[in-house]
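Proteins get letters first, then strands, A, B, ... in listed order; numbering begins at 1 in each. Small disclaimer: the values here were computed from a predicted structure and weren't measured.
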Amino acid sequence: MSAELAARIAEIALAFAVFWQTLELLILRPAWDREGVWRIQDLLGDYDRLPKIARAELGVLFLPSVFLLVLWVRLAACVAVALFPLNAVLLGWIFLSTCIIAVRWRGTFNGGSDSITAWSALGLFLSAWVKAEPHLMKFGLGLIAVQLTASYFLAGFVKARNRQWWTGEALALFMATPGYDSAPERVRKWVIQPHRARLFSVGVIFFELAFPLAWRSPWVCAALLAVAFVFHLGNFLVFGLNRFVWAWLAAYPALFWIAST
Amino acid sequence: MLHQYLQFFRVLLAGWRFFDRVSQAATFFVRSGFSDADWGPWVECLRPARERKIGQLFLNARQNYLFAARSLLDQFADELRAGHVDSTSEHLVKNLAAFEVRGIDPAARRFQFRYCRNSEDVYVSIPLEMAEFRSRGDP
């Protein structure tokens, strides 16, 4: 697989993920509009100490009508990615708009999924920018592959340091934590059986810690990416984390290309 | 000042620490009424629907709103614990309560909210006027 093909597959997957993310934000308009939770009047307090001009520009950018335009242009950019391969302007806009959304939600709207989306968009933007120089494209794809690997390995590392994860207790506790307690009752009952919760938890720790092995060969990489995809589907079933499925999927081609070369 | 600038890059400063801290069960309640004498019952908010549909794999707006609201409450709780509540967090949490009350009782004129951990009150707001949370136009 060439770097260009890997980047093309990755950008289509990224556009697919960002399309749904953006649609969700459009559906959630009442929550960020004039009578919503994240209304601009109250967010401006965060920028009190910024230079006056920066504060004024953010104030305009986050006006409901302007922010709505940002979202619609972002949605259009996702569709346009299918028609214009490796276009730096489109990918740059997807990266920039991801950052704008994150800042509007005081850091991130949806935690890790926003971060991996931003890293994928940044890596692909850099790749598209230097696509005439194939060896420089490696840098953009490499950036994504490093972040993808770090996302699993570090997550596994912090779990491995917590005894409750080794016993399976943490999984059951998270499933009972308000906000994460959205699993259907029969799924919850099935997962929190002590022996099963322990098996899943230990399995996740080993999988996440083993993830850097994906760099060794395309076969190991393909196997680990397949497990990772199933892992994210499980997270959707158990915790409702739908954005993580597509956001992480968009980063897989970059790592697979690295492992293949 | 540094904190304000860091906010612009937080999305790129991911620590990739998922599910590392088992937090205590936090619950958010609101109640609404017309005057001091006729408060309705406390209602727990931000409850997810215990169901999964294949379509939610693509569009799960309600669940992601709940995650964002929980994240806001966690930040508010951290600030309460540190003894310094940021005014923006406080405003946003009040907005959250008003937004939830509007969904439960559109005719409410006053409301109050409670934030609890392990069934103990961490924060109980004073009664607030719904009118203060109506749109005042763009700043």
Heavy-atom proximity to chain A below 4.5 Å, by part of [X]:
| X | answer |
| --- | --- |
| B:Phe99 | side chain |
| B:Ala49 | backbone |
| B:Tyr65 | both |
| B:Thr88 | both |
| B:Gln56 | both |
| B:Leu72 | side chain |

Got more than 12 heavy atoms from elsewhere within 6.0 Å of [atom1], [X]?
| X | atom1 | value |
| --- | --- | --- |
| B:Leu13 | CG | yes |
| B:Glu120 | CD | no |
| A:Arg161 | CZ | no |

So what's closer than 4.5 Å to chain B heavy atoms on [X]: side chain, backbone, both or neither?
| X | value |
| --- | --- |
| A:Val245 | side chain |
| A:Asn110 | side chain |
| A:Ile116 | both |
| A:Arg188 | side chain |
| A:Trp246 | side chain |
| A:Gln147 | both |
| A:Leu43 | both |
| A:Asp33 | neither |
| A:Val204 | neither |

Quiz item: What's the verdict on side chain to side chain contact (heavy atoms under 4.5 Å, CB included) for B:Arg50 and A:Asp181, showing C-alpha distance, side-chain angles and the deciding distance?
Solution: CA-CA 8 Å; B:Arg50 283 175 170 265; A:Asp181 57 342; 3.9 Å; yes
Exercise. State, without any angle test, whether B:Ser89 and A:Arg106 hold a side-chain donor-acceptor pair at a distance under 3.5 Å.
Key: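 On atom types as modelled, these side chains qualify, holding a pair under 3.5 Å.
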Quiz item: Is a side-chain donor-acceptor pair under 3.5 Å present for A:Thr98 with A:Arg74?
Solution: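 Their side chains do contain a donor-acceptor pair, which is all the 3.5 Å distance test asks for.
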Please verify the inter-ring angle class for [X] with [Y]; under 30° counts as parallel, over 60° as perpendicular, anything in between as tilted.
| X | Y | answer |
| --- | --- | --- |
| A:Phe16 | A:Trp20 | perpendicular |
| A:Trp166 | A:Phe206 | perpendicular |
| A:Trp190 | A:Phe200 | tilted |
| A:Phe67 | A:Trp32 | perpendicular |
| A:Phe244 | A:Trp248 | parallel |

Practice problem: Give the intermediate values and the outcome of side chain to side chain contact (heavy atoms under 4.5 Å, CB included) for residues B:Trp42 and B:Gln112. | Solution: CA-CA 9 Å; B:Trp42 287 104; B:Gln112 208 179 348; 4.0 Å; yes
Could you have a look at [options] and say which one has the most heavy-atom pairs with chain B under 4.5 angstrom?
| options | result |
| --- | --- |
| A:Cys99, A:Gly107, A:Pro30 | A:Gly107 |
| A:Ala54, A:Ala102, A:Ser115 | A:Ser115 |
| A:Leu237, A:Thr108, A:Leu23 | A:Leu237 |
| A:Tyr180, A:Trp119, A:Phe109, A:Phe19 | A:Trp119 |
| A:Ala118, A:Ala31, A:Ser113 | A:Ala31 |

Quiz item: Between B:Asp74 and B:Arg117, is there a salt bridge with N-O shorter than 4.0 Å?
Solution: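 So B:Arg117 pairs with B:Asp74 through a salt bridge.
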Self-check item: Ionic contact status for A:Glu24 with A:Arg243, cut-off 4.0 Å
Solution: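 Judged by the 4.0 Å cut-off on N to carboxylate O distance, A:Arg243 and A:Glu24 do form a salt bridge.
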Quiz item: Do you know which of B:Arg47, B:Arg10, B:Arg52 has the most heavy-atom pairs under 4.5 Å to chain A?
Solution: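 With the most close heavy-atom pairs to chain A, the winner is B:Arg52.
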Exercise. Name the member of B:Asn60, B:Leu96, B:Leu46 that forms the most heavy-atom pairs with chain A at distances under 4.5 Å.
Key: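 Between B:Asn60, B:Leu96, B:Leu46, the count favours B:Asn60.
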Practice problem: Give me the contact list for residues 150-158 of chain A versus chain B, heavy atoms only, anything under 4.5 Å, ordered by residue number. | Solution: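 Contacts with chain B: A:Ala150, A:Ser151, A:Leu154, A:Ala155, A:Val158.
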Exercise. State which residue, out of B:Tyr115, B:Phe28, B:Phe113, fulfils the ring pair (Phe, Tyr, Trp, His ring centres under 6.0 Å) condition with B:Tyr123.
Key: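 Exactly one candidate clears the test, B:Phe113.
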Practice problem: Please determine if A:Arg104 forms a cation-pi arrangement with A:Phe62, meaning its NZ or CZ atom is less than 6.0 Å from the six-membered ring centre and no more than 45° off the ring axis. | Solution: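 A:Arg104 over A:Phe62 ring: yes.
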Practice problem: For B:Leu128 and B:Lys94, run side chain to side chain contact (heavy atoms under 4.5 Å, CB included): C-alpha distance rounded to whole Å, both residues' side-chain angles, the deciding distance at 0.1 Å, then the answer. | Solution: CA-CA 9 Å; B:Leu128 297 159; B:Lys94 284 178 183 171; 4.1 Å; yes
